[in-house]
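Take a look at the structure below.
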Amino acid sequence: MNPLLLLGGGHHCRACIDVIEAGARYQIAGIVQPPSKGTEGVLGYPTLGSDDDLPALLTQTPNALITVGQIKSPETRRRLFNLLKHQGANLPVIQSLTAYCSRHADGRSGLDDLPRDQRAAGVGGAPRRP
């Protein structure tokens, strides 16, 4: 299995962990989150550092998934996406075995489909360019 970093340790991260564990493609290396969120792990996975540690972490684990949820604004997700792309990270598509994905959907890097989500054409995934 390929090691995978998760960026963000909140509730969306927990849902993503369930999907990743159900598959057999990636092994979660750990969580990356701001120091203000603490150093406690998530569901048994350690916190490995913060955004400042990404260059070193990505040399060992080049696969990363943005697991920050989106409540009010996509800005944090966009910032992380741009930071990861700038660092040369691989952003795999993580799809639940029970997710439905339209054949017209945009399947760009960084997409996470949770169980029973319906990914409609032109919806979700990597942030859109303005």
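Scope of the values below: all heavy atoms of this structure, side chains included, with no hydrogens, waters or symmetry mates. Predicted model only: the values in this text are computed from it and were never measured.
Among all heavy-atom pairs drawn from G8 and T67, the shortest one is O-OG1, 2.6 Å.
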Throw together a table of side-chain donor-acceptor distances under 3.5 angstrom for residues 56-66, partners on residues two or more places apart or in other chains.
from: T59; atom 1: OG1; to: A56; atom 2: O; distance (Å): 2.6
from: N63; atom 1: OD1; to: N90; atom 2: ND2; distance (Å): 2.5
from: N63; atom 1: ND2; to: P3; atom 2: O; distance (Å): 3.1

Taking distance alone, no hydrogens or angles, what donor-acceptor pairs closer than 3.5 Å link side-chain atoms of residues 21-34 to residues at least two apart or in another chain?
from: E21; atom 1: OE2; to: Y45; atom 2: OH; distance (Å): 2.6
from: Q33; atom 1: OE1; to: G9; atom 2: N; distance (Å): 3.4
from: Q33; atom 1: NE2; to: G38; atom 2: O; distance (Å): 3.4
from: Q33; atom 1: NE2; to: T47; atom 2: OG1; distance (Å): 3.4

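Contact annotation: the side chain of I94 approaches that of P92 to within less than 4.5 Å [non-hydrogen atoms, C-beta and beyond]. Proximity of V68 to H12: side-chain heavy atoms (C-beta onward) are nowhere separated by under 4.5 Å.
In this structure, CG on L7 lies 11.5 Å from SG on C16, to the nearest 0.5 angstrom. Note: N82 CG to R77 CZ = 12.5 Å, rounded to the nearest 0.5 Å.
For residues 55-76, the pairs satisfying salt bridge (charged side-chain N to carboxylate O under 4.0 Å, His left out) are E75-R78, with sequence neighbours left out. The salt bridge (charged side-chain N to carboxylate O under 4.0 Å, His left out) pairs that include a residue from residues 59-69 number zero, where partners must be two or more places apart or lie in different chains.
With sequence neighbours excluded, the residues that form a salt bridge (charged side-chain N to carboxylate O under 4.0 Å, His left out) with D51 are R79.
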>> Between V19 and I17, does the side chain to side chain contact (heavy atoms under 4.5 Å, CB included) criterion hold? Intermediate values first, please.
In response: CA-CA 5 Å; V19 172; I17 287 172; over 6 Å; no
